[in-house]
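Atoms within a ligand are numbered from 1 in the order they appear, just like the ligands themselves. Here the structure is a predicted model, which is why all the values come from computation and not from measurement.
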Amino acid sequence: MLNDASLTFLTALLDAPGPSGFEAAPARRWRAEAEGFADEVRADVNGNSLATLRAGPAGAPPIMFAGHVDEIGFMVVHIDDQGFLWFEPIGGWDPQVFVGQRVSLLAREGLVPGVIGKQAIHLLEKEDREKASKTSDLWIDIGAASKAEAAARIRIGDPGVLAGGMQELPNGRLVSRSLDNRVGAFVVLEALRRLAARRPAVSVTAVATAQEEISAFTGGGARPSATGLTPLAAVVVDVTHATDTPKVEKQKHGDVALGGGPVLSRGSAVNGRVFDLLVEAAEAEGIPYTIQAAARDTGTDADAIFTAHRGVPTGLVSVPLRYMNSPNELVALEDLDRAARLLAAFAHRLTPAADFIPR
Ligand SMILES: [Zn+2]
């Protein structure tokens with residue numbers, strides 16, 4: 001299971017605010033942790049952080065383990081005459097989630113607290129009470145008494161996240177914002193920590209990738225990091241919807257249980273041999289797992305990595321998560337431990353001569 005040092009690291013990662021494009025705080029914490037056991041730790045211009053363990057022949061390509069370190073958030077686009085801030089989402093929000101929340105803005109001189117404002121129900125016209133809120137109907141109140149006062153504290157383009165700390169629940173369950181995908185960034189480094197104690201036959205680079213939540217058209221930070229590494233193979237670690245909550249159609253979304261172990265994707269973004277090796281590693285280690293179908297894209301960094309450079313054989317390991325893209329995402333700690341164990345076992349099954357070409 002995860003030891004106290006790992007849990008302290010996870011908590012620090014979760015608490016550090018880092019919306020897409022502004023991941024410096026969690027990325028710094030990730031690199032500081034990696035310094036304790038990796039042979040080389042560095043950052044790149046896109047905001048990615050890379051930690052390498054060297055093994056095998058010098059110059060041979062590494063395996064890449066990638067977990068995105070950014071989270072969804074929002075950005076200030078306008079300060080009005082009364083000092084209220086108007087904002088746009090960073091990433092895929094349900095605007096209903098914004099209503100009634102406290103926020104933390106990443107301003108020039110540190111974090112600025114605020115609340116999201118909306119007209120009280122009593123003030124709404126009857127027909128508007130049933131309507132879903134749009135982001136454009138909401139604003140942020142930082143307690144400023146004037147436009148000048150707000151502008152002295154906040155600049156256009158300042159990002160923010162919803163406020164709220166981590167909370168442990170019974171049965172090893174953890175609630176927090178940013179679990180998507182600090183848990184992935186955590187798992188890839190946790191796997192590297194375990195491999196440092198018993199080295200595999202190939203080098204391994206764990207990457208905390210940037211900008212995944214806004215990567216659909218750009219490849220985020222994952223594509224340039226994979227292009228730069230030209231890895232032998234890559235495994236992406238992200239979260240996926242646990243479907244063991246009320247009202248989810250399993251016929252449509254599959255059968256994924258919280259605490260059911262890592263979820264291994266199959267589909268065109270996933271290399272068949274990488275998938276097979278992940279399954280073999282899970283079975284050899286006695287790690288329970290679920291298979292998930294991804295007939296088209298996966299909605300993760302895997303989509304950017306498998307098409308990077310001249311193509312990278314890529315696998316996708318997901319951690320079951322409830323209440324995605326809310327300030328109260330929920331995971332089971334044992335799934336994090338199992339995912340890290342699976343990645344380490346996968347690395348031990350590879351040699352520099354591994355062949356991933358479908359035949
Ligand atoms: Zn994610």
Side-chain angles (χ1 to χ4, degrees), residues 10 13-14 16-23 25-27 30 46-49 64-74 89-94 97 159 161-162 166 174-191 206-223 225-226 234-243 253-254 256 258 262-265 267 269-270 290 292 294 296-306 308 314-332 335-336 339-340 342-343:
L10 175 61
L13 266 189
L14 292 171
S20 310
F22 302 87
E23 304 88 348
W30 189 93
N46 290 90
N48 301 303
S49 300
M64 175 185 190
F65 290 157
H68 74 87
V69 79
D70 60 316
E71 65 186 293
I72 55 172
F74 55 83
I90 297 176
W93 283 99
D94 172 355
V97 170
V161 297
L162 297 187
M166 188 262 268
L174 193 79
V175 169
S176 179
R177 52 155 258 288
S178 81
L179 284 171
D180 177 7
N181 182 37
R182 297 290 151 66
V183 299
F186 169 81
V187 163
V188 297
L189 199 58
E190 195 62 23
V207 187
T209 60
Q211 304 183 21
E212 189 274 344
E213 298 289 357
I214 51 164
S215 69
F217 303 107
T218 64
R223 181 167 295 140
S225 68
V235 178
V236 170
V237 183
D238 208 323
V239 297
T240 190
H241 298 284
T243 61
H253 301 293
V256 174
L258 190 84
V263 179
L264 311 181
S265 286
V270 171
T290 307
Q292 187 167 56
R296 292 163 62 96
D297 58 323
T298 67
T300 72
D301 276 343
D303 301 334
I305 293 174
F306 92 98
T314 300
L316 175 57
V317 172
S318 303
V319 173
L321 173 137
R322 293 178 181 168
Y323 320 124
M324 196 182 291
N325 290 13
S326 86
N328 299 306
E329 297 178 331
L330 190 158
V331 292
D335 285 337
L336 307 188
L342 175 62
L343 261 58

Open item on the list: Which atom name does His68 have for its N/O/S atom nearest to the Zn ion (ligand 1)?
Closed with: NE2

Task: Whether Glu213 has an N, O or S atom under 2.8 Å from the Zn ion (ligand 1) - done: no

Task: Heavy-atom closest pair, residues Asp180 and Leu321 - done: N-CD1, 4.3 Å

TODO: Could you check which N/O/S atom of Asp238 is closest to the Zn ion (ligand 1)?
DONE: OD1

TODO: Considering non-hydrogen atoms only, spot the tightest contact between Met64 and Ala222 and give its length.
DONE: CE-O, 4.3 Å

TODO: Please test Thr218 against Gln211 for side chain to side chain donor-acceptor pair (under 3.5 Å), starting from the C-alpha separation and ending with a verdict.
DONE: CA-CA 9 Å; Thr218 64; Gln211 304 183 21; 5.4 Å; no

Task: Asp180, N/O/S atom nearest the Zn ion (ligand 1) - done: OD1

Task: Among Asp335, Leu179, Thr300, Val183, side-chain contact (heavy atoms from CB on, under 4.5 Å) partner for Val239 - done: Val183

